[in-house]
S.K.: 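Below is the structure I would like to discuss, written out as structure tokens.
The figures here come from the full heavy-atom set of this structure, side chains too, leaving out hydrogens, waters and symmetry mates. Here is how names work: the chains are called A, B, and so on, in the same order as the sequence lines, proteins then strands, and each is numbered from 1. Predicted model, so just to flag it, every value in this text is computed and none were measured.
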2 protein chains.
Amino acid sequence: MSARPDRTLRQFLGYGMKRAFAAIQTDVNAALAPHGLRMMTYSVLVVIRDTPGVRQSRLSDILLIERPNLVLILDELESADWITRTRAQDDRRAYDLRVTLKGRRVCDRASAAVAAHDSRMAAGLGPEERLALLDALHRIESNGRSSDDDADQVSRP
Amino acid sequence: MSARPDRTLRQFLGYGMKRAFAAIQTDVNAALAPHGLRMMTYSVLVVIRDTPGVRQSRLSDILLIERPNLVLILDELESADWITRTRAQDDRRAYDLRVTLKGRRVCDRASAAVAAHDSRMAAGLGPEERLALLDALHRIESNGRSSDDDADQVSRP
DNA sequence: TATTGTTATACTCTATAACTATA
DNA sequence: TATAGTTATAGAGTATAACAATA
């Protein structure tokens with residue numbers, strides 16, 4: 001009957017975003033699986049590599065992961081000997097997180113796989129189009145945070 | 001130490017997409033909650049409204065929801081008296097799905113809330129930028145499907 | 001008192017196998 | 001035998017409350 005049964009939804013950014021992100025997630029997880037990683041574990045591994053000595057609270061702020069959920073991801077990375085958790089010298093509640101040599105090698109190989117995945121998904125987009133897309137995504141993320149602030153202001157008059 | 005601890009991830013479309021989509025999902029679910037809906041239940045309700053008599057298999061194809069998961073969503077919508085499931089005349093295995101009058105009213109109100117949400121999230125994007133974004137998202141989704149086909153061909157030589 | 005990491009728990013979305021009743 | 005819908009179940013990701021050790 002209707003050629004585009006989802007035409008009402010197609011006008012919304014969220015619908016296109018959900019479908020595009022689902023495609024990306026499926027593809028990147030397939031690309032990461034041979035390396036023993038998933039999107040979330042890879043993201044955490046990369047940020048630890050790029051920020052040696054980072055602590056769990058900071059990491060959860062950076063990646064927008066709740067602290068309790070990060071604990072399980074770190075357990076997984078630590079069990080694989082890809083990161084170390086060592087007590088911080090200046091604060092014995094905290095841990096300094098670092099990637100091991102093994103972890104760095106896995107991270108490098110996985111990063112190549114993710115870069116290839118990214119190129120596949122971006123096929124047909126020119127360099128300017130790609131930059132415009134990244135910029136628009138960042139703008140939308142910011143708009144979401146502003147929305148949070150507004151809600152806070154309204155709920156605490 | 002690093003001003004952008006996620007600079008490696010920021011170059012990837014998937015990372016920006018995940019963060020933008022998370023912001024959208026939080027905002028749209030907050031917009032829909034007063035109407036008793038979530039992103040998924042709203043999407044299903046809209047497609048049924050726009051495709052009267054649609055069947056569950058077709059609906060799951062349209063929205064990329066697995067049939068078993070759709071059943072629970074429809075149970076929820078039916079319990080609220082927003083849709084009806086009536087046996088199809090030509091095939092007694094199947095159901096014709098339709099929104100009730102009550103369901104149409106909820107859907108209309110929710111759609112206004114979602115439209116307002118969408119405008120909030122798209123703030124700062126011009127009409128052309130917005131169209132370019134929707135087009136890029138659609139392109140990425142297509143690239144994902146091509147990737148699936150390739151994988152099928154490779155795994156079945 | 002506040003913070004760091006942790007445990008426990010719950011909810012949503014997603015994914016698969018196996019069942020029933022029809023076709 | 002194939003399909004429409006269903007049941008049961010399991011895996012991820014996400015979210016909150018409450019706790020121990022430390023600041």
S.K.: Heavy atoms of chain B, cut-off under 4.0 Å: which first and last nucleotide of DNA chain D, 5' to 3', fall inside that, if you could look?
M.R.: D:dA2 to D:dT14

S.K.: Salt bridge (Lys or Arg N to Asp or Glu O under 4.0 Å): which pairs involve residues 21-32 of chain A, sequence neighbours left out?
M.R.: A:D27-A:R120

S.K.: Sequence neighbours excluded, which residues qualify as side chain to side chain contact (heavy atoms under 4.5 Å, CB included) partners of A:R55?
M.R.: A:A88, A:D90, A:D91, A:A94, A:D96

S.K.: Nearest to the A:D91 side chain among C:dA17, C:dT4, C:dT6, which nucleotide is it?
M.R.: C:dT4

S.K.: Of all of residues 35-45 of chain A, which get a heavy atom below 4.0 angstrom from DNA chain D, listed by number?
M.R.: A:R38, A:M40

S.K.: Within residues 73-90 of chain A, find the residues that approach DNA chain C with a heavy atom at under 4.0 Å, and present them sorted by residue number.
M.R.: A:R85

S.K.: Using side chain to side chain contact (heavy atoms under 4.5 Å, CB included) as the criterion, list what pairs up with A:L131, not counting sequence neighbours.
M.R.: none

S.K.: Sequence neighbours excluded, which residues qualify as side chain to side chain contact (heavy atoms under 4.5 Å, CB included) partners of A:T8?
M.R.: A:Q11, B:V46, B:R49, B:D50

S.K.: What pairs of residues pass the salt bridge (Lys or Arg N to Asp or Glu O under 4.0 Å) test when at least one of them lies in residues 68-83 of chain B, not counting sequence neighbours?
M.R.: B:R38-B:E76, B:D75-B:R85, B:E78-B:R85

S.K.: Estimate the overall bend of the helix from C:dT1-D:dA23 to C:dA23-D:dT1 from the end axes over five pairs each, rounded to 10 degrees.
M.R.: 10°

S.K.: Where the side chain of A:Y95 is defined as all heavy atoms beyond and including C-beta, which of C:dA15, C:dT6, C:dT4 is the nearest nucleotide?
M.R.: C:dT6

S.K.: Below 4.0 angstrom, which residues in residues 23-30 of chain B have at least one non-hydrogen atom near DNA chain C?
M.R.: none

S.K.: Would you list the pairs meeting salt bridge (Lys or Arg N to Asp or Glu O under 4.0 Å) in which at least one residue belongs to residues 122-135 of chain B, sequence neighbours left out?
M.R.: B:D118-B:R130

S.K.: Taking side chain to side chain contact (heavy atoms under 4.5 Å, CB included) as the definition, give me every residue that meets it alongside B:E66, ordered by chain and number, with sequence neighbours left out.
M.R.: B:P68, B:N69

